[in-house]
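Take a look at the structure set out below.
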Amino acid sequence: MDYSLKIGGAAGQGVQTVADSLSRVFLRQGYFVFTTKDYQSRVRGGHTFTQIRIAGNPLSAMRERVDLLVCLNQETFDRHATEVQEGFILGALEKNQELSATVIPVDFKKIAQDLGNQIYANMVAVGAVLGLLGLEISSMEKLIHKYFDKKGKDVVESNLSALVAGKSVVESSGHPPVFKEVRKDDDNKNILINGNDAIGLGAVLAGCSFYSAYPMTPSSGVLNFMASRSREYGIVVEQAEDEIAALNMAIGASYAGARAMTGTSGGGFCLMVEGLGLAAMTETPIVVLNGQRPGPSTGLPTRTSQGDLEFVIHASHDEFPRFVLAPREPEDALNTVIRAFNLAERFQVPVIILSDQYLADSEWTYAEIAFNESADPPAFAEALDDYKRYRISKNGVSPRAVPGTGPGLVIADSDEHDQTGHITEDLSVRVEMQEKRMRKFDDMRNWVRSPLKKEGEDLTLVGWGSTYGILLEAREHLMNQGIHAGLYHFTDVFPFPSDIRETFEALPNPVIVEGNYLGQLARLLERETGLRFPRRVNTYNGRPMLVEELLHRLEEVTK
Amino acid sequence: MDYSLKIGGAAGQGVQTVADSLSRVFLRQGYFVFTTKDYQSRVRGGHTFTQIRIAGNPLSAMRERVDLLVCLNQETFDRHATEVQEGFILGALEKNQELSATVIPVDFKKIAQDLGNQIYANMVAVGAVLGLLGLEISSMEKLIHKYFDKKGKDVVESNLSALVAGKSVVESSGHPPVFKEVRKDDDNKNILINGNDAIGLGAVLAGCSFYSAYPMTPSSGVLNFMASRSREYGIVVEQAEDEIAALNMAIGASYAGARAMTGTSGGGFCLMVEGLGLAAMTETPIVVLNGQRPGPSTGLPTRTSQGDLEFVIHASHDEFPRFVLAPREPEDALNTVIRAFNLAERFQVPVIILSDQYLADSEWTYAEIAFNESADPPAFAEALDDYKRYRISKNGVSPRAVPGTGPGLVIADSDEHDQTGHITEDLSVRVEMQEKRMRKFDDMRNWVRSPLKKEGEDLTLVGWGSTYGILLEAREHLMNQGIHAGLYHFTDVFPFPSDIRETFEALPNPVIVEGNYLGQLARLLERETGLRFPRRVNTYNGRPMLVEELLHRLEEVTK
Amino acid sequence: MSTIFDNKVENAWCPGCGNFGIQNAMKRAFSELNLEPRNVVLVSGIGQAAKAPHYVNTNVFNGLHGRAVPVAFAIKTVNPALTVIAESGDGCMYGEGGNHLLHNIRRNPDITVMVHNNQVYGLTKGQSSPTSEEGFVTKTQPSGNISRPFNPLSFAISQDASFVARAFSGDIDGLVRLLKEAIRWKGFSLIDILQPCVSFNKVNTYAWYRKRIEYLDEAHDPENRLQAFERSLEWGERILLGIFYRKKRPVYQERVKENLGVEDLLYRGFESENILQGELPRFR
Amino acid sequence: MSTIFDNKVENAWCPGCGNFGIQNAMKRAFSELNLEPRNVVLVSGIGQAAKAPHYVNTNVFNGLHGRAVPVAFAIKTVNPALTVIAESGDGCMYGEGGNHLLHNIRRNPDITVMVHNNQVYGLTKGQSSPTSEEGFVTKTQPSGNISRPFNPLSFAISQDASFVARAFSGDIDGLVRLLKEAIRWKGFSLIDILQPCVSFNKVNTYAWYRKRIEYLDEAHDPENRLQAFERSLEWGERILLGIFYRKKRPVYQERVKENLGVEDLLYRGFESENILQGELPRFR
Ligand SMILES: Cc1ncc(C[n+]2csc(CCOP(=O)(O)OP(=O)(O)O)c2C)c(N)n1
Ligand SMILES: Cc1ncc(C[n+]2csc(CCOP(=O)(O)OP(=O)(O)O)c2C)c(N)n1
Ligand code: SF4
Ligand code: SF4
Ligand SMILES: [Mg+2]
Ligand SMILES: [Mg+2]
């Protein structure tokens, strides 16, 4: 079983309410749910849609195929009707074209009006979908109680009748239920979580106690998540006046002994570039989230991209060590954030997490969260009398103390400095210090996680970050077609492990798949390995790749 | 003839006055002069020195060898005395070590005091040097008149007597004049110019009428140069409140039809990264100067570095075309700036000029400025009624109009936009626009200047930017030793010409020499060519390479 | 009323948004001032308000969040014949862009700065803005905003801004009047426009404003800085509108003309070879 | 006078610089307040003034040009037991860093901001700064500065800053007194310190200041905002020193304690497995 719904309408019409309700019903009935959001940079009007895919097994990508299109307005019909091949279209529609899909006209708004208030139109739509699919409405009833009990009996009752009305009107249309077999479960314990919430949860689990940020799509969700947990876990969440302040605050917080993080998108990251160098020079651990969206400049604020890889690796003047980690899905994001905090503290370097709108907003289903990273407790040095913040050491890392914890003083400087931290103009000290900092790279390479590898002798799909699930599913398809496709997928995109050249020499026919124009991972790998990777798939239309689209593109490059 | 002087003292003591006077005397007498400045990030005290090298032929680098050390204080002696092998040391000194040099004690200050005022001590020093070398003082006398006539007769007279007194005291010490043959010329027409002034002059000659910047070493010199020419040529020179404003102002000015430029160093460039993307997205021509200094972060504000290459090439989120040009010496800098304006306008892209403290502050001698680039007149389109700012075109460049010049409107947007310039959420337009912008790269590669090449079959010195002169001289030394060394030197470091791989395949034994730790040009070339460049010389001590030092390092990597 | 400043670009604001009033008032003011589309440049940042220039038939520079003012400053400096208006939201102008506002008040360029002040971040979906009231609850400030609201009028008056006014987007006639005065004014004019956001600001609604707004009375002397300051502190039961402060100060672009003797900075054509020959002796 | 706040770091200031007075006063104030080096953090930006923390035996965070205040804000928030002072030059605090000053006045963290105001950019060799007088001639402003000087006191008072004072580095006793009050004050305190730059500012010299300075008299009521504002506008024949304005306002760090119930943000140790299990049901 593998079924896809698309729910469309104008911003503000409630697409998200319908989609959230349905996703949760499916989830509670034991289906694996996968959702993606497509929206514009506006608050009302325009066109927005959410896609929901459900199956009996875990899902990791979205397909092109749409089995059921739910139209909250005519525009949704006009734009998407032809995408439905054999399935159904629900809504109050003017059918202005010949279609292979079955159109079931249901006027959600009118039905709701007849029940007393058109604000329940969305619940009518939910009922209609459940009715069409032949699913029980019991889990939706429970959800209605959960959401609305506090709003009073009337609201609950109205929602419940809207739900039933939607269901009945479709059932009475005479179409047999779409799902032949239905699950009886209505209290399944699987969870549905998107990348942003998972990142926030990871930060909480890492012991982050200071999160400063300036709002920016697609990372504002993390800011909101942290704010929502602020009182519960004692986390200061501060909306900064700009991104420069956001990062400088986080650096100050880290210097003082907190686990600190900031989050933004490309444009805001640009403003953090100077601060990144400050963190590096003062060797202050810091975690910076960059949720990518298409640029250059403001670009497409609500869409997705993998265009910032080379930028964040080289951001800030002169040279210093850093990690760049690009999580593959929400669960991995949660663990990656914890790992980011651990690595930032272990090496006293900035760690950049590269997310994107696709990862941020897409929801994945998990039976449980494999919580396979745990936060290291802080390893602060004691500030004794002779404490030296930048003591020269073999691996480049010096004992880090926090001010106020001992008689020793903690002196940090953005200028080149001596071992005590005081500004210096002694150029031999400069050389020593630059070498100390750069020396960290040696051990850092031992701590990067190797790319995830699945064997396959015909070709190898290579990617990084949020494309993981898409590559995974594409690989299955290829396998089913008898093509033995391997997978080689990076979470840790910088630095690379030291054996990267040997690995790629042994990798059968790599095809590098990325959400950017230039092929940035490909170029980095070329720089690092001296090999050439002419076979690439690149997209830059602001949308995540769909499985069919990728398979089609793969055919092109491999033929 | 090849003679080197080092003049040292505390900041504020007048090292620069002595050095400037001497350089200009040498220049006017027909010597080729080359100077470098070494100073600390402070205004008074500490230690600073200027090195002057003179010869009968053009010079292009500084040597380690010091023939004459002029000590304005004891610290200069203590730090540098051993650098003088066979030459002389002048000053009021406590000789606290055995030396091979001849020390001639002259108390500049006391002599000046005896003449009435210790502020003339620097002129005593100048006289002493001229006396020791056996040079005429006539050109210095002329300079004194030039500088001080407006200050009155007394000042002129005092300076003249100080000059003579310095000369006499050394002559009376009995040392025969160092220079056997002296030039009789005292009005030679050669010029002595540093990188910053040459860059400013280039901007003037390109027709730049708007220069906005926030002060930052080592680029403040350009700001000051532009300010000094502001009234003469009608250039608005505005000190911005920060670098963000500096670049946004320049972009606004360019949009409105001015030739606009800004200048900064790495830390300020960090703050311009977002604006760089704005220029790219709005396709507004802009020239941005980044004078490199060592980092990360504040680092060593007054020293030199080539650490920002990969940063500026990848700066700003997502992808867009840009040029990065790194001039090799002042004359080339002047021409590069003109070329930068031409390229910025031709392709409507940002052009970054990568200078550094070494280029900025070093003075070169030229018989005349080969003014081999001329500024293209602006090629504005007419803003007709149906004007579309971002009309799709074959080479990616659209006709650029300026607001107010016709009935058509000029609409620029940092969001993704359609051909008229209005914001769009149409993703097919996005793809079209991103491809339009990226398409510029094709023709841009035809406009980059090929690296300067000199043949040599034994090995090839490869470098970029300000190391040019050093490599040139090192090559001559190698040639003299019978090693046939070639030279391959980049001014245009991004994008590379399209035949770069073939070029490097044919290049004998490249050794890549750079002022950074990681070997950034080497990495870029590896990415671009797929070849490996294991032989490298890298320095990151904040000082320019000296010829002997480079030769020594070359021996190491080539043996 | 249709004007030559109408265009056909699809509008992306929420129905009922206060931005519509501002847009209409602006077009009316432009028409009444007999401006020509080609000679007007609207410069904005990023946000809901910052989309406004797209809906007006003029030249547009829709730049970066927070950076409208430096762009506007430069456009006016290069070509003083243009009417240059920087227009954006409160987050854009007072938050991210606060520093530019401050320093351009000091420069006093002849531009008008219109701030659509809805006391919230609209486009990013409802965070508090610099002007949000204390206690304002949002998803990002679940315990309520704990920062004191920024007072743009007191701020501008404190730095002797040349022209400082407050308007309400719900009173279009009043807004047109103030806009015309601001645009005509030679020097930096700041006009803070109270603008209800029907989607995210459920506190400062049309009704809330309507109950409170009141124009400065005849007794108010806009040349009196102290009085202007005192009035600017009022915010609560009564919210004052009108021109708070006005002071003739030397205008940046006029100083440029005086100092440099040029009318604009457009390409003038010149003899670079002569310039070079004139420059060389300075390097001897 | 030697104190436990002396250290042996070599000083890089020009002989006679006003910074020395500030440094001495600061050490004296710290001693008289019985502060301990380990519990003080001096945060600075970049510039001549910004080197000051290196010459004092305390914890130091010498960060980026213009960014001292956000760093100081965060340090205090994480560990309110520390005495946190942001200290830098006028260019750093009022130029590059203007926006942070503005918004931290709104937050009202319990930090002290000391501005070494020499009305010039010292470290970069003499450009005009936001507080330079009109007409100030420099290499970068050869026709004289054409921007109106920034008035930090009026600015701070306009945004209801909790504590606003002006001092003179040439009057160490007065400076010590004001510094002690500012540091003791619970909330954001701004102290603008007039500081002669003997190398680059030949206008605002010791003598120039000495002729003009005068302490606010007894009649001045620092709780009176209008009066404070009026006084802050004075600058010319007479330059006033002292506490211009003082207003008790809720302090950021105390609000954090109230809202979150935590004393500081240092690592507390926690059961992440339990947290995770508690979180999961929220995602169903
Ligand atoms: C550098 C940067 N940071 C953040 C953003 C995201 N962003 C877009 S609009 C906006 C706030 C909008 O608020 P306001 O300026 O008040 O305008 P409104 O939408 O309320 O009209 C933000 C934070 C951005 N585009 N650029
Ligand atoms: C981002 C950035 N821009 C510019 C500089 C260069 N810079 C260093 S100090 C300084 C100005 C110093 O002036 P001020 O803050 O008044 O301090 P002062 O030296 O006068 O004490 C500047 C512009 C820098 N370090 N960083
Ligand atoms: S979100 Fe608010 S400000 Fe933005 S368009 Fe909607 S109502 Fe207007
Ligand atoms: S330049 Fe001015 S401010 Fe800096 S140390 Fe010297 S006198 Fe003091
Ligand atoms: Mg707003
Ligand atoms: Mg200063």
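A, B, ... follow the sequence lines: proteins, then strands. Residue 1 opens every chain. Please read all numbers here as calculations on a predicted model, not as lab measurements.
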Between C:Glu96 and A:Glu243, does the side chain to side chain contact (heavy atoms under 4.5 Å, CB included) criterion hold? Intermediate values first, please. CA-CA 8 Å; C:Glu96 186 92 41; A:Glu243 289 83 354; 2.9 Å; yes
Please lay out, stage by stage, how A:Tyr214 and C:His65 fare under the test side chain to side chain contact (heavy atoms under 4.5 Å, CB included). CA-CA 12 Å; A:Tyr214 190 78; C:His65 185 59; 2.6 Å; yes
Is there a side chain to side chain contact (heavy atoms under 4.5 Å, CB included) between A:Ser228 and C:Lys139 once you walk through the steps? CA-CA 7 Å; A:Ser228 73; C:Lys139 280 194 181 165; over 6 Å; no
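What you find for A:Pro215 and C:Tyr121 is that their closest heavy atoms are CG-CD2, 3.8 Å. Of all the heavy atoms in C:Cys14 and A:Arg44, the pair that sits closest is SG-CG, 3.2 Å.
Per-residue heavy-atom pair counts under 4.5 Å with chain C were compared for A:Gly267, A:Ser297, A:Gly268, A:Ala227, and the maximum is reached by A:Ala227. The candidate with the highest count of non-hydrogen atom pairs below 4.5 Å against chain A, out of C:Gly95, C:Ala12, C:Pro15, is C:Ala12.
Distance alone, capped at 3.5 Å, places no donor-acceptor pair between the A:Gln239 side chain and the C:Thr140 backbone.
Using a 4.5 Å cut-off between heavy atoms, C:Lys125 contacts chain A through its side chain alone, with no backbone atom that close. At a 4.5 Å heavy-atom cutoff, the contact between A:Leu271 and chain C is made by side-chain atoms alone. Heavy-atom distances place the backbone of C:Asn11, and not its side chain, under 4.5 Å from chain A. For chain C, the nearby parts of A:Ser41 are the backbone and the side chain; heavy atoms of each come within less than 4.5 Å. Interface remark: C:Gln48 contributes side-chain atoms only to the contact with chain A (heavy atom separation under 4.5 Å). Only the side chain of C:Phe200 has a heavy atom closer than 4.5 Å to any heavy atom of chain A. In this structure, chain A has heavy atoms under 4.5 Å from both the backbone and the side chain of C:Ser128.
Annotation: the span from C:Asn99 atom CG to A:Glu241 atom CD amounts to 10.5 Å, rounded to 0.5 Å.
The environment of NZ in A:Lys110 is sparse: at most 12 heavy-atom neighbours from other residues, nucleotides or ligands sit within 6.0 Å.
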